[in-house]
There are 2 protein chains.
Amino acid sequence: MATTAPNESTRAPVTRESAVRAAVALADRDGLDSLSMRKLARELGIEAMSLYYHVTGKDDILDGMVEVVVAEMALPADGANWKAALRDGAESARAVLGRHPWAISLMDSRTTRATLNHHNAVIGCLRNAGFSIGLAAHAMSLLDSYVHGFALQEASLPLDESGDIGAATEEIMGRQDLMAEFPHLSEMAVAHILQPGYAYGNEFRFGVRVILDGLETALAADAATASRGRL
Amino acid sequence: MATTAPNESTRAPVTRESAVRAAVALADRDGLDSLSMRKLARELGIEAMSLYYHVTGKDDILDGMVEVVVAEMALPADGANWKAALRDGAESARAVLGRHPWAISLMDSRTTRATLNHHNAVIGCLRNAGFSIGLAAHAMSLLDSYVHGFALQEASLPLDESGDIGAATEEIMGRQDLMAEFPHLSEMAVAHILQPGYAYGNEFRFGVRVILDGLETALAADAATASRGRL
DNA sequence: GAACACACCTTACATCGTATGGTACATTCG
DNA sequence: CGAATGTACCATACGATGTAAGGTGTGTTC
């Protein structure tokens, strides 16, 4: 790894891109809150203010980080099977956001070329599959909201390093007062979440399937309405 | 309005609750980023450090803010019609998060009694409707992820004060380079989003309907499987 | 009238983003 | 060849932030 500051006399000049990549690595490791211009500079082997030679400010770095993350997401493949394409795209997005949890809220609050490109591709996939403009808007909103929302929930789960949710749930459920106050939650914890083999990530496949099946139904209904209108 | 600092000689003592309520109001007005202990104290007519007599720190205030917001959300009514109950609950949650956009990411990163209570009620509603534990877990994850994700997207849309998205879209679409680079997006903007009467909030109803219909299908399939197993 | 709790304050520190104004070295140009 | 220009960096400083440490004054209670 060459991410830590090498000998300063031989170091290649910092660029906007290397700064952004270092910032992503830092946020991945320590979280977005502890990403500061000073720490980032130290990581790059320079002083904080030297960063301002390469970027216009911290916002510029955050924008760059979003671009990096969105670029990691696979665009929906175009082809006959729109459901498979969107499913794979959703899985890819979720995996990427799982690797970069800090990016979730960042993504939605910044408009970058990468994001526009991604949206464009999704709309293209839907339009090719026969979705009307309005239905495509509905579909993209639904799917994106779900993916981002799931990533948000998943990111803030108290998972231990093995992705296991059990420890934290056990801790909560160890409190008898809470068990009594929230019986349904307790039942779900002991009878389902604490069972061996449970992983919250698996809920995602169910959600995507329900949504895509629902969209397929809506598409068929829309087509029927449209063809009736044509008679 | 009595939120600004009144005459200090007659002011009622600050409490944890009044501090939290003032913090919510401040975050609603100026955003979460500009909520600082000093500004909050000024709003309350005291000095920053005096807040520490009532709360243990800023985290304590953030926890309190989440409780306030979650408490504003209607719990799903129990009764025969689980779909209507969950739909109304979802609409309520979305409306609340629309009023307090800063709460979205805060909610998912903190475990409060109010949140546990809400989850418990949703599970109860599903279980009463005949959902198995596993299917209820699926359903709650799906619905919650969607609602939070939608709120997140809606919160970060560049809406003007009338809730209109047109201005920002027009600004982007005014750039010919982007129009050419993202044709599907452009088409959606000019042919759909910029049309009079379009409001992004309306996408929510569609999403909730698709999800609830999908859950109903899954419930029926689950019941069929279970009864086959009983034969 | 002494002890005490309550509600507040002052000062101070490390850390944050960044405005301002340098410095050392490389390349280009007259 | 010397001067000008541009590149990549640095030092200092300012006003914010959260909060630790240690007062101050005004009740209320024995």
Side-chain angles (χ1 to χ4, degrees), chain A residues 2-66 102 105-106 109-110, chain B residues 2-66 102 105-106 109-110:
Chain A
T3 55
T4 46
N7 185 320
E8 70 178 68
S9 65
T10 63
R11 208 200 60 243
V14 170
T15 62
R16 191 191 115 108
E17 213 204 292
S18 72
V20 167
R21 268 189 290 108
V24 168
L26 239 167
D28 285 346
R29 177 150 48 82
D30 302 331
L32 190 63
D33 280 351
S34 80
L35 170 66
S36 75
M37 296 300 269
R38 288 177 232 266
K39 284 184 196 160
L40 176 56
R42 198 181 312 134
E43 204 78 8
L44 292 162
I46 62 177
E47 295 298 316
M49 287 315 291
S50 305
L51 282 168
Y52 287 79
Y53 181 77
H54 306 284
V55 299
T56 70
K58 196 180 187 185
D59 270 353
D60 195 14
I61 288 183
L62 296 175
D63 280 339
M65 293 169 76
V66 170
W102 46 266
S105 32
L106 226 51
S109 59
R110 289 159 191 275
Chain B
T3 56
T4 45
N7 185 320
E8 71 181 65
S9 64
T10 63
R11 209 200 58 245
V14 170
T15 63
R16 191 191 115 108
E17 213 203 293
S18 71
V20 167
R21 268 189 291 108
V24 168
L26 239 167
D28 285 346
R29 177 149 49 80
D30 301 332
L32 190 62
D33 280 350
S34 79
L35 170 66
S36 76
M37 296 301 268
R38 288 178 233 265
K39 285 183 196 160
L40 176 57
R42 197 180 314 136
E43 204 79 9
L44 292 162
I46 61 176
E47 295 299 314
M49 287 314 291
S50 304
L51 281 168
Y52 286 79
Y53 182 76
H54 305 285
V55 299
T56 71
K58 196 180 185 183
D59 270 354
D60 195 13
I61 289 184
L62 296 175
D63 280 339
M65 292 168 78
V66 170
W102 46 265
S105 34
L106 225 52
S109 59
R110 292 162 188 272

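In this text the structure is predicted, and so the values were computed from the model without any measurement. Below, all heavy atoms of this structure are taken into account, side chains as well, without hydrogens, waters or symmetry copies. To find a chain, count down the sequence lines: A is the first, B the second, and so on, and within it residues start at 1.
- For B/Ser105, the side-chain contact (heavy atoms from CB on, under 4.5 Å) criterion is met by no residue, not counting sequence neighbours.
- Residue A/Tyr53 places at least one side-chain N or O closer than 4.0 Å to OP1 or OP2 of D/dA8.
- The CG atom of A/Leu51 sits 15 Å away from the C1' atom of D/dA11 (whole-angstrom rounding).
- Listed by chain and residue number, B/Arg110 satisfy the salt bridge (Lys or Arg N to Asp or Glu O under 4.0 Å) test with B/Asp59 (two or more places apart in sequence, or in another chain).
- With sequence neighbours excluded, the residues forming a salt bridge (Lys or Arg N to Asp or Glu O under 4.0 Å) with B/Asp60 are B/Arg16, listed by chain and number.
- A close approach under 4.0 Å does not occur between any side-chain nitrogen or oxygen of A/His54 and OP1 or OP2 of D/dT7.
- In this structure, CD1 of A/Ile46 is placed 6 Å from P of D/dC9, rounded to the nearest angstrom.
- Taking atom CG of residue B/Leu32 and atom P of nucleotide D/dG18, one finds them 10 Å apart after rounding to whole Å.
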- What string of B, S and - do you get for nucleotides 10-19 of chain C, 5' to 3', if B is base contact, S is sugar-phosphate-only contact and - is no contact with any protein heavy atom under 4.0 Å? BB----BBBB

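- Under the salt bridge (Lys or Arg N to Asp or Glu O under 4.0 Å) criterion, A/Glu17 pairs with A/Arg21, sequence neighbours left out.
- With sequence neighbours left out, the salt bridge (Lys or Arg N to Asp or Glu O under 4.0 Å) criterion links B/Arg38 to no other residue.
- Protein atom CG of B/Leu44 is 13 Å distant from nucleotide atom C1' of C/dA7, rounded to whole Å.
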- Message: Walk me through whether A/Asp30 and A/Lys39 qualify under side chain to side chain contact (heavy atoms under 4.5 Å, CB included).
- Response: CA-CA 11 Å; A/Asp30 302 331; A/Lys39 284 184 196 160; 5.8 Å; no

